[in-house]
Amino acid sequence: MAESPTISIEPGSRSNANLIYFLYIVAPVFFQILALVGVVMAYLGKGKGDALIENHYRNQINIFWKMLLYCVISGLLTFLLIGLLLFLAALVWYIVRIVKGMQALAAGEMVENPDSWLL
């Protein structure tokens with residue numbers, strides 16, 4: 001029996017959700033456009049997978065929009081010198097949420113609270 005690939009562009013598959021997490025995790029280091037590509041892929045895959053994959057797509061969509069909001073707020077507060085600290089806190093939040101999602105996906109589990117604003 002052939003093993004399925006770990007990443008794929010096929011919407012609704014576990015390997016597609018894995019690819020989106022990968023795009024998110026490398027986005028801050030390379031090009032932020034990768035996160036945008038990832039959220040588009042999550043929206044395109046939404047409604048095409050089982051409950052597990054839908055849960056992960058919802059988590060990925062929430063991660064994207066909340067990180068974007070955190071970046072805008074941090075950018076607005078940079079003139080008060082608190083923006084950089086908020087951005088670093090948001091980056092830690094972003095990475096932790098992605099890693100937790102990747103671990104849950106690898107274990108075949110749902111993300112506990114994909115709509116959470118916290119970790």
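Residue numbers run from 1 in the order of the sequence given. Computed from a predicted model, the values in this text were never measured in an experiment.
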If we ignore hydrogens and angles and just use 3.5 Å, is the side chain of R97 paired with the main-chain N or O of Q60 as donor and acceptor? no
Indicate, with yes or no, if L91 and W117 share a hydrophobic cluster defined by side-chain heavy-atom contacts under 4.5 Å among Ile, Leu, Val, Met, Phe, Trp and Tyr. yes
Are L105 and V99 connected, step by step, through hydrophobic side chains (Ile, Leu, Val, Met, Phe, Trp, Tyr) whose heavy atoms are closer than 4.5 Å? yes
Which heavy atom of Y70 sits nearest a heavy atom of A90, and at what distance? CB-CB, 3.6 Å
Please report the shortest heavy-atom distance between G45 and P11, naming the atom on each side. CA-CB, 3.7 Å
Do K48 and N16 come close enough that some side-chain heavy atom pair is under 4.5 Å? no
Where the side chain of N62 meets the backbone of R58, is there a donor-acceptor pair that is under 3.5 Å apart? yes
Hey, any chance V29 and I33 share a hydrophobic cluster, counting ILVMFWY side chains that come within less than 4.5 Å of each other, even indirectly? yes
Could you grab the distance from atom CE of M110 to atom CG of N59, nearest 0.5 Å is fine? 12.0 Å
Test of understanding: clusters of I, L, V, M, F, W, Y form through side-chain heavy atoms closer than 4.5 Å, transitively. Do I82 and L76 belong to the same one? no
Any donor-acceptor pair under 3.5 Å from E54 side chain to G47 backbone: yes
Look up atom CD1 in I63 and atom OH in Y21, then write down how far apart they are to the nearest 0.5 Å. 5.5 Å
Are I98 and V96 linked, directly or through intermediate hydrophobic residues, by side-chain heavy-atom contacts shorter than 4.5 Å (ILVMFWY only)? yes
Quick check: does any side chain N or O of E109 sit under 3.5 Å from a backbone N or O of A104, one acting as donor and the other as acceptor? no
Donor-acceptor contact present, side-chain W93 to main-chain M67, <3.5 Å: no
Minimum side-chain heavy-atom gap F22-V26 below 4.5 Å: yes
With rounding to the nearest 0.5 angstrom, report the CG to CD1 distance, L86 to I73. 8.0 Å
Between K66 and S116, is there a donor-acceptor pair closer than 3.5 Å when you use the side chain of the first and the backbone of the second? yes
F64 pairs by side-chain contact (heavy atoms from CB on, under 4.5 Å) with which of Y43, Y24, Y94? Y24
Return the minimal non-hydrogen interatomic distance between Q32 and P28, and the atom names on each side. NE2-O, 3.7 Å
Sub-4.5 Å side-chain heavy-atom contact between F87 and T78: no
Closest heavy-atom contact between A42 and I20? N-CD1, 3.5 Å
